[in-house]
**Q** 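I have a structure here, written as structure tokens, and I will follow up with some questions on it.
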Protein chains: 2
Amino acid sequence: MSMDRRSGCPINLSLEVFGDRWSLIILRDMIFGGRRHFRELLNGSMEGIASNILADRLKRLMGLGILTKADDPSHKQKAIYSLTEMAITLVPILAHLGAWGRVWLPVSAELSIRAELLEKGGPQMWDKFMDELRHEHLGMPLDTSAGPSVRATLQAAYEAVVAGKAPGASPAA
Amino acid sequence: MSMDRRSGCPINLSLEVFGDRWSLIILRDMIFGGRRHFRELLNGSMEGIASNILADRLKRLMGLGILTKADDPSHKQKAIYSLTEMAITLVPILAHLGAWGRVWLPVSAELSIRAELLEKGGPQMWDKFMDELRHEHLGMPLDTSAGPSVRATLQAAYEAVVAGKAPGASPAA
DNA sequence: CAAACTGATTGCTTTTTGCAATCGGTTGCA
DNA sequence: TGCAACCGATTGCAAAAAGCAATCAGTTTG
């Protein structure tokens with residue numbers, strides 16, 4: 001919530017939504033990590049988000065229409081968080097943000113391989129990924145066999161780097 | 001400064017740089033508004049930044065290598081802030097951020113015309129704009145006459161909308 | 001010499017962030 | 001049936017950041 005509306009500038013309004021240290025981290029973990037539950041986001045967060053902040057941001061993102069929440073039929077207490085189309089269209093922004101960080105900031109090799117592949121894949125890969133997310137989160141049909149999923153591809157590359165057999169990059173240790 | 005290094009993830013590191021409500025606003029005003037001086041940024045800011053926060057962010061962005069400061073020869077007290085290449089390569093991110101905000105947030109017509117044109121111009125227009133910024137801020141040569149500058153084009157469109165004779169859009173009032 | 005302007009700085013209050021502990025309810029297992 | 005582990009949060013508290021208003025010393029302008 002908390003729509004300040006400091007101005008109607010698109011960049012300012014986007015910043016009022018994402019101008020904090022956690023909202024995009026949560027969306028990153030949902031989009032690239034495939035996390036859907038509170039505990040997954042809490043314990044799987046590499047940066048160590050606190051539970052009250054996670055709860056606050058989930059609430060806020062729901063209020064903004066970026067996430068939705070539904071009951072998990074397998075567990076009466078479990079909630080499943082889903083991305084809306086609004087969130088899925090952030091993929092190009094996250095790709096650019098990762099690409100920029102990879103060039104200018106002290107990223108680690110393991111964690112930047114995903115950003116590198118996503119950058120090389122370009123808009124075509126981003127579109128494919130967004131279609132996969134629409135399938136997972138919105139129940140949209142997935143077009144006929146387009147090979148391994150983007151997330152699986154990124155994950156496999158990450159694991160290869162961790163294992164020290166980086167394809168095209170020098171081993172970390 | 002304040003490099004937490006919560007993790008070496010490119011998106012996280014980018015967020016540690018821009019995950020606040022003001023840093024990108026300042027860069028937006030420098031990039032699209034052409035502002036170079038403290039007072040220009042302070043008084044020209046549509047969102048009303050406070051002087052202490054502006055001073056803090058300028059210092060921080062300099063420490064990160066995103067801005068540089070130089071004396072203005074015409075005025076012994078005046079400082080000129082310049083974008084580094086690191087800042088100039090943010091243009092695509094700002095373009096995407098503006099495009100996303102324009103679609104999903106309650107932007108005003110006057111302030112979103114720039115984002116619209118920049119989106120339609122695509123990477124080609126962004127590259128041209130970045131070259132112009134390199135010329136202004138880094139003293140790089142500008143390639144032979146490529147028509148009116150991107151900033152001038154955006155500014156003209158903005159003024160046209162304000163004047164109510166929006167090309168292709170309905171008048172605001 | 002005075003007024004206006006330069007890039008800031010200081011003191012202060014309000015708001016946000018982040019940590020640690022905890023909550024009531026659910027589930028799985030012995 | 002009991003009980004530990006897990007579920008999505010909530011609460012209390014301290015620290016940090018944001019934001020406001022006033023002010024600063026030096027510079028330029030008139």
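Lettering follows sequence order; numbering is per chain, from 1.
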**Q** Would you give a per-nucleotide map of nucleotides 25-30 of chain C, 5' to 3', where B means the base has a protein non-hydrogen atom under 4.0 Å away, S means only the sugar-phosphate does, and - means neither?
**A** BSS---
**Q** Check the distance between dA17(D)'s P and R21(A)'s CZ and give it to me in whole angstrom.
**A** 8 Å
**Q** dA22(D), dG18(C), dG19(D): which one has an atom nearest the side-chain heavy atoms of A50(B)?
**A** dG19(D)
**Q** Please work out whether the ring planes of H96(B) and H96(A) are parallel, tilted or perpendicular, with thresholds of 30° and 60°.
**A** tilted
**Q** Take the protein atom CG of N52(B) and the nucleotide atom C1' of dA18(D), then report the distance between them rounded to whole Å.
**A** 8 Å
**Q** How long is the line joining CG of D56(A) and P of dT10(D), in whole Å?
**A** 10 Å
**Q** Under 4.0 Å between a side-chain nitrogen and a carboxylate oxygen: does that hold for R57(B) and D20(B)?
**A** yes
**Q** Does the side chain of W126(A) come within less than 4.5 Å of L94(A)'s, by heavy atoms?
**A** no
**Q** Starting at atom NZ of K59(B), determine the distance to atom P of dA17(D), rounded to an integer number of angstrom.
**A** 14 Å
**Q** dT10(D) C1' sits how many Å from F38(A) CZ, rounded?
**A** 10 Å
**Q** Out of dG18(C), dT10(D), dT10(C), which has the shortest distance to the side chain of I53(A)?
**A** dG18(C)
**Q** Output the rounded distance in Å from CD1 (I26(A)) to C1' (dG8(D)).
**A** 14 Å
**Q** For the side chain of K69(A), counting heavy atoms from C-beta on, which of dG8(D), dG19(D), dG7(C) is nearest?
**A** dG8(D)
**Q** Could you tell me which residues satisfy salt bridge (Lys or Arg N to Asp or Glu O under 4.0 Å) with R151(B), sequence neighbours excluded, listed by chain and number?
**A** E136(B)
**Q** Among the nucleotides dT9(C), dA21(C), dG8(D), which one has an atom lying closest to any side-chain atom of S51(A)?
**A** dA21(C)
**Q** Are any of H37(B)'s side-chain N or O atoms less than 4.0 Å away from OP1 or OP2 of dG7(C)?
**A** yes
**Q** Grab the CG-P distance between D20(A) and dT17(C) for me, whole Å please.
**A** 6 Å
**Q** Here's a test of your reading of the structure: between R57(A) and L42(B), which maps to the more 5' nucleotide of DNA chain C?
**A** L42(B)
**Q** Can you confirm whether the side chains of W104(A) and S14(B) place a donor and an acceptor under 3.5 Å from each other?
**A** no
**Q** Name all residues meeting the side-chain hydrogen bond (donor to acceptor under 3.5 Å, both in side chains) criterion together with S82(B); count only those two or more places apart in sequence or in a different chain, and write none if there are none.
**A** R36(B)
**Q** List in chain and number order the residues that pass side-chain hydrogen bond (donor to acceptor under 3.5 Å, both in side chains) with D131(B), two or more places apart in sequence or in another chain; answer none if no residue qualifies.
**A** R134(B)
**Q** L54(A) CG to dT17(C) C1': how many Å, rounded?
**A** 14 Å
**Q** Would a distance-only check, ignoring hydrogens and angles, find a side-chain to backbone donor-acceptor pair under 3.5 Å from S45(B) to G48(B)?
**A** yes
**Q** Within the pair W22(B) and dA17(D), is there a side-chain N or O less than 4.0 Å away from OP1 or OP2?
**A** no
**Q** Apply side chain to side chain contact (heavy atoms under 4.5 Å, CB included) to R28(B) and list each qualifying residue two or more places apart in sequence or on a separate chain.
**A** C9(A), I11(A), N12(A), I25(B), F32(B), M46(B), E47(B)
**Q** If you define the side chain from C-beta out and look only at heavy atoms, does anything of V107(B) sit under 4.5 Å from L13(A)?
**A** yes
**Q** Between the protein and nucleotides 12-15 of chain C, list every N/O to N/O distance that falls short of 3.5 Å.
**A**
none

